[in-house]
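Notes follow the structure.
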Protein chains: 2
Amino acid sequence: MTKRDQSVREATVADVARAAGVSKAQAARALGGYGAVSEQVLSVVIAAADQLGYRPNQLAKSMTTGRSNSIGVVVGDIENAHFGLALRGISDEVRREGYTVVLVNTDEDLEAEASAVQELLQQRVAGLVVAPCSSNETTHLESAQARGHAVVLFDRGIHALDFDTVRVEFADAALEVGRVLLDAGHRRIGYVSSQRVGGSYERGMDLGLSPVADRVAGIERAFAEAGDRWDPSLVRFNAASDEALAAACAELLDRPEPVTAVVCSDSLIALGVLGQIKRRGLRIPEDISVVAYDDFPWTELVEPPLTVVAQPVYDMGREAARALLRKLGHRVPAERLPLRAHIVERSSVGTPRAQPQPSPVR
Amino acid sequence: MTKRDQSVREATVADVARAAGVSKAQAARALGGYGAVSEQVLSVVIAAADQLGYRPNQLAKSMTTGRSNSIGVVVGDIENAHFGLALRGISDEVRREGYTVVLVNTDEDLEAEASAVQELLQQRVAGLVVAPCSSNETTHLESAQARGHAVVLFDRGIHALDFDTVRVEFADAALEVGRVLLDAGHRRIGYVSSQRVGGSYERGMDLGLSPVADRVAGIERAFAEAGDRWDPSLVRFNAASDEALAAACAELLDRPEPVTAVVCSDSLIALGVLGQIKRRGLRIPEDISVVAYDDFPWTELVEPPLTVVAQPVYDMGREAARALLRKLGHRVPAERLPLRAHIVERSSVGTPRAQPQPSPVR
DNA sequence: TGATGAGGTGAGACCGGTCTCAATCTTGAG
DNA sequence: CTCAAGATTGAGACCGGTCTCACCTCATCA
């Protein structure tokens, strides 16, 4: 109905040229600001253009030049503030060079991701920024890159070689999390993540190039430093839904020897875990200690304020965008933003309440 | 550098046609699934196509048909979970009809909004979903619509006539907020919003067609019901930055007769106000009551759990998308999602501490 | 048996830009 | 004053699809 059809047809270069009494080529040059154009022609064309309300057709432009002015961004969950913030970083950076962002949400679903990539390439975006949902099944990304498309990964890496990947450095912070907890006297430390993993966690298991892998490894390292080992059965994955998360919490909190501390892999998990803890009437940090990844404002406002690992999410987005722009041949400031996570100690970690100590440490 | 150029040129219909030994027109028909094509030709073309790894060029398609498969979404702040959620709703709904989303963030800046609209139209998006940042300065939107483009507004309305607008119904909930507070005995009620308004608030001031207007009106109505009037100096706008928000809180909390309750216009404001309250060592609800708009998970986890106004943000997004799809001539389920806000009473509203009551009520 | 029409096909115009190429027009140097 | 370099210009091809139109082949019907 509300189709413009012929009715309100947009003015084209040809229209402008006709109105200005010059050739299409000259009008295009004047409008596009390329080639040689006399003052004369320039002014008369400009006049005709805004007389007709001419707006360049970006589609046509992209088609002829082969250069597109949009980039594709693929994330698992925009609703998650983590990605919201990263997206903001990407968008801000990329706009500066005149690109717009085509966004696709995949619900962390591999197939959706693959078809998103496909779709974006069909739209001939200039490049792709992707937070891959799997480290292993990545043929869609590899083939995209193989076909010569500019691809940058962020937040998570994949095993395939040769991918530009922008990630936050978690090794130090994760080790620190382990140390803080261990120093406070915790030994039964739970870890909850929404990452999809087949089967249950085992030491040395391949978790892909995800931040989760680094975070788990950090705690394991802290245990090793302390001459101890972390019970792998306390690492719970696949807590993507409310039910799964509740189940994971149940397994950690309702066992004969419940965990004395929980590390939450992201803010969504933290929200869920906090809810579960509250439901059980447990107090933080007297009954249970909590550490969460991602330092969003609300983490400071809960009672008690949460000890968290802050990460430069916005900067990660910007840096990913810059990496893509570089691939696209743009001159982008060389200095890279440092992407290091750091722990922010607040009040959600305490000493575990005295309880029949299990085996370790004498 | 990583330019595909000629090197890995994408296969085109012409290439496929050549490989299949048929005319370009036939190949196009087979590939595009239109017109009459024999089984014979169909199979040989399909074979040639995936032999060559043919991917249709969406750009070219859009150009020739004049139909685009992307829609533009313009919001003030993606980082804000409110818009993140709405965007999710829009995206989910629109995908179903095969559209992708081109997102532009405006930082609630009018000029940015205008140029975003411009840019998106140049990209020839099929339609626009916009959360306008001003109710008055809307020539960019009006002219877009006048030129025959499909435009749907959401979250906020504008004064210009004839715009499809999808908004949550706040009248009842806002009145209820006023009543709850008034019933609890509050008279000095502060309201904090990030909305940009010139000058300070006065009764009957035009706040545009924003949800904020409804929310303020609701409280005013509750006051009227109680035979009282709301002191307009307690309504603070323009709290967009941390500093501005701090200043607004200072004006409300540090006056001789500080407010006994604060209504926060959105979750970002709530975060800030809670921080300010905490900084002053005030207790909720003993020293001050708080009501916040937007029921995000964290509002239930702070101490005490916040009384909030829940609103169907995701559904609002979906409904906005549907409205646009309808304009675009798609058949979309007729039943509209109900978009009504409702109050969720938790524990952040209490009776104001006894203090020299001001003038009202006996 | 010839007219009718549906199904299948290819040639080529078209969408709205960019860009190459050759023609024309200015210059300034010699 | 002559000539070549450089500026300005227009014609038309091109990008990769869609779509119209004319034409061809059969099967069907009278």
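Chain letters run A, B, ... following the sequence lines, proteins first and then strands; every chain starts at 1.
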Apply side-chain hydrogen bond (donor to acceptor under 3.5 Å, both in side chains) to [X] and list each qualifying residue two or more places apart in sequence or on a separate chain.
X: B:E319; result: none
X: B:R88; result: A:D77, A:E79, A:D107
X: A:R156; result: A:E108

So does [X] have more than 12 non-hydrogen atoms from other groups sitting under 6.0 Å from [atom1]?
X: A:D50; atom1: CG; result: yes
X: A:E39; atom1: CD; result: no
X: A:Q118; atom1: CD; result: yes

Response to the item:
Within residues 36-45 of chain B, those residues having any heavy atom closer than 4.0 Å to DNA chain D are none
Worksheet entry | Lys/Arg-Asp/Glu bridge criterion (N-O < 4.0 Å) met for B:R95, A:E119 | yes
Item to complete: Output yes when A:R326 and A:D164 qualify as a salt bridge under the 4.0 Å nitrogen-oxygen rule, no when they do not.
Response: no
Worksheet entry | Five-pair end axes of the helix from C:dT1-D:dA30 to C:dG30-D:dC1, angle between them (10°) | 50°
Item to complete: For the residue pair B:V16 and B:V45, establish whether any side-chain heavy-atom pair is separated by less than 4.5 Å.
Response: yes
Item to complete: Would you give a per-nucleotide map of nucleotides 13-21 of chain D, 5' to 3', where B means the base has a protein non-hydrogen atom under 4.0 Å away, S means only the sugar-phosphate does, and - means neither?
Response: B-BBBBBB-
Fill in: Below 4.0 Å: OP1/OP2 of D:dG10 and any side-chain N or O of A:Q26
no
Worksheet item: Do we see a donor-acceptor contact under 3.5 Å between the side chains of A:Q123 and B:S70?
Response: no
